[in-house]
Amino acid sequence: MFENRDYRIMMCATPTDSDLQTLIHEIGHIHYFMAYEKLPTVFQDGGNTAFHEAVGDAVTYGLHPNPNIRSLLKIGLFKLPQIGFGLVVDLWRWKVFENEDNEVKWNEYWWEFNQEYLGVKVPEGYISQGLDALGKYHIVDNIPYIRYFYGSFLQHMFYDTMCAGKPYCTLEGHGHNFRKMLSRGSSEHWSKILEEFTGSSEVTPEPLLEYYKPLQEYLEYEIQKLNIPIGW
């Protein structure tokens with residue numbers, strides 16, 4: 001909602017960490033809207049759709065300026081599954097587009113992708129009476145979902161840049177250049193806007209890997225020590 005520079009969110013929420021993350025994510029959209037509102041209408045959009053999804057999430061990492069292994073694990077369990085699922089949703093969608101005349105296979109494709117990328121199998125004894133993918137709102141409403149896959153990496157690139165290359169920081173005093181990037185809207189190709197802010201014209205996984213490096217080393221140690229099988 002917007003009237004006379006009064007931006008608001010309509011949201012049913014509870015005082016939980018999960019809803020706080022959601023609130024900050026949505027406020028990120030609002031700050032992006034505010035940043036490019038003075039541009040010509042045609043440029044009032046994100047650099048690409050993944051930029052819009054990454055803004056608020058990049059800021060949430062500043063809530064944990066000195067994460068320990070437990071908090072990294074909690075953050076990872078909340079964030080990392082989105083990478084695989086963000087890919088699965090649109091891989092399935094594209095597969096359906098390629099096989100429009102083979103409706104009987106559509107549900108099978110859904111579970112094949114879920115098992116391959118997420119390790120999620122069809123529940124034992126489950127017999128589908130329809131199309132399980134339609135349980136996801138973005139599919140029913142025809143909203144592309146690959147934005148969340150790329151946004152998972154962009155949010156770490158944004159956070160890493162604001163932290164000046166340090167793996168963790170509070171973000172205090174680091175928002176000016178971020179705001180400047182947001183104010184560009186879609187007035188330039190997204191790769192140019194990204195390069196001017198982060199130094200890279202490509203979406204890269206390195207900042208994400210660096211953020212979770214202590215957790216990765218801990219898990220690798222525990223896996224070896226306890227001989228834990230991995231994979232599916």
Side-chain angles (χ1 to χ4, degrees), residues 17-18 20-22 24-25 27-29 31-32 46-88 90 117-119 145-182 184 189-226 228 230-232:
D17 184 62
S18 177
L20 175 61
Q21 299 273 348
T22 300
I24 295 174
H25 173 90
I27 289 176
H29 288 298
H31 275 275
Y32 213 162
N48 61 36
T49 55
F51 275 50
H52 242 299
E53 303 305 334
V55 172
D57 285 8
V59 175
T60 63
Y61 294 108
L63 299 175
H64 308 278
N66 297 292
N68 54 30
I69 294 298
R70 177 175 292 183
S71 59
L72 281 176
L73 181 59
K74 181 179 180 180
I75 296 167
L77 288 172
F78 185 78
K79 295 279 192 178
L80 296 179
Q82 178 64 57
I83 298 175
F85 189 69
L87 184 62
V88 162
D90 272 1
Y117 292 97
L118 299 172
Y145 210 71
I146 200 68
R147 64 183 69 180
Y148 296 99
F149 172 77
Y150 284 107
S152 297
F153 301 103
L154 282 170
Q155 60 191 247
H156 279 280
M157 294 180 70
F158 294 165
Y159 178 68
D160 182 72
T161 299
M162 286 188 283
C163 289
K166 299 176 182 178
Y168 316 109
C169 72
T170 63
L171 294 183
E172 185 176 354
H174 294 281
H176 176 73
N177 288 334
F178 190 42
R179 176 82 175 192
K180 182 179 179 181
M181 180 198 72
L182 301 182
R184 302 284 297 281
H189 191 272
W190 68 266
S191 61
K192 182 176 181 181
I193 296 173
L194 181 65
E195 183 174 21
E196 289 179 357
F197 180 57
T198 68
S200 173
S201 62
E202 298 181 350
V203 180
T204 63
E206 281 76 15
L208 181 148
L209 295 174
E210 183 65 24
Y211 183 86
Y212 289 108
K213 187 176 180 180
L215 177 61
Q216 179 183 357
E217 292 175 346
Y218 169 78
L219 292 176
E220 288 175 346
Y221 171 78
E222 290 296 313
I223 288 169
Q224 184 176 8
K225 182 179 72 172
L226 301 174
I228 300 173
I230 59 174
W232 47 79

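A donor-acceptor pair shorter than 3.5 Å cannot be found between the side chains of Asp57 and Thr60. No side-chain donor-acceptor contact under 3.5 Å links Gln224 and Glu220. Between the side chains of Glu53 and His25, at least one donor N or O lies within less than 3.5 Å of an accepting N or O.
Using cut-offs of 30° and 60° for the angle between ring planes, the Tyr148 and Tyr145 rings count as tilted. The aromatic rings of Tyr211 and Tyr159 stand perpendicular to each other, their planes meeting at an angle above 60°, with 30° marking the opposite boundary.
Between Tyr61 and Tyr168, a ring centre-to-centre spacing not shorter than 6.0 Å is recorded. For Tyr212 and His156, the ring centers sit closer than 6.0 Å to each other.
The minimum heavy-atom distance linking Leu194 with Val203 is given by the pair CD2-N, 4.3 Å. Closest of all the heavy-atom pairs between Leu72 and Leu215 is O-CD2, 3.7 Å. Nearest heavy-atom pair across Ser201 and Trp190 is O-CZ3, 3.8 Å. The heavy-atom pair separating Met157 from Ser200 by the smallest distance is CE-CB, 4.1 Å. In terms of heavy atoms, Gly76 sits closest to Pro81 at O-CD, 3.4 Å. Minimum heavy-atom separation, Ala54 to Phe158: CB-CE1, 3.8 Å.
Distance check: Asp160 CG to Met162 CE gives 9.5 Å after rounding to the nearest 0.5 Å. Rounded to the nearest 0.5 Å, atoms CG (Asn68) and CG (Leu73) are 10.0 Å apart. Taking CH2 of Trp232 as the start and OH of Tyr117 as the end, the distance is 11.0 Å to the nearest 0.5 Å. From Lys213, atom NZ reaches atom CD of Glu206 across 12.0 Å, with rounding to the nearest 0.5 Å. How far CG of Asn48 is from CZ of Arg147: 9.5 Å, rounded to the nearest 0.5 Å.
For Ile228, the CD1 atom sits in a packed shell: over 12 heavy atoms of surrounding residues, nucleotides or ligands are nearer than 6.0 Å. Annotation: Phe78, atom CZ; neighbour count of heavy atoms from other residues, nucleotides and ligands within 6.0 Å is above 12. Under a cut-off of 6.0 angstrom, the local environment of CZ in Phe197 is crowded, with over 12 non-hydrogen atoms contributed by other residues, nucleotides or ligands.
By the 4.5 Å heavy-atom criterion applied to side chains, Ile193 and Phe51 are counted as neighbours. Annotation: side chain of Asp17 is in contact with side chain of Lys74 (closest heavy-atom distance under 4.5 Å).
With Glu222 contributing its side chain and Tyr218 its backbone, the two residues share no donor-acceptor pair below 3.5 Å.
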Inset, instruction - Give the intermediate values and the outcome of side chain to side chain contact (heavy atoms under 4.5 Å, CB included) for residues Thr198 and Thr204. - result: CA-CA 11 Å; Thr198 68; Thr204 63; over 6 Å; no

Inset, instruction - In sequence, state the C-alpha distance, the side-chain angles, and the governing distance for Leu171 and Cys169, and then conclude on side chain to side chain contact (heavy atoms under 4.5 Å, CB included). - result: CA-CA 6 Å; Leu171 294 183; Cys169 72; 3.7 Å; yes

Inset, instruction - Take Ile83 and Leu87 through the side chain to side chain contact (heavy atoms under 4.5 Å, CB included) test and state the conclusion after the steps. - result: CA-CA 6 Å; Ile83 298 175; Leu87 184 62; over 6 Å; no

Legend entry - Intermediate values then yes/no, side chain to side chain contact (heavy atoms under 4.5 Å, CB included), Met181 and Asn177: CA-CA 6 Å; Met181 180 198 72; Asn177 288 334; over 6 Å; no

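For Lys192, the salt bridge (charged side-chain N to carboxylate O under 4.0 Å, His left out) test picks out Glu188, with sequence neighbours left out.
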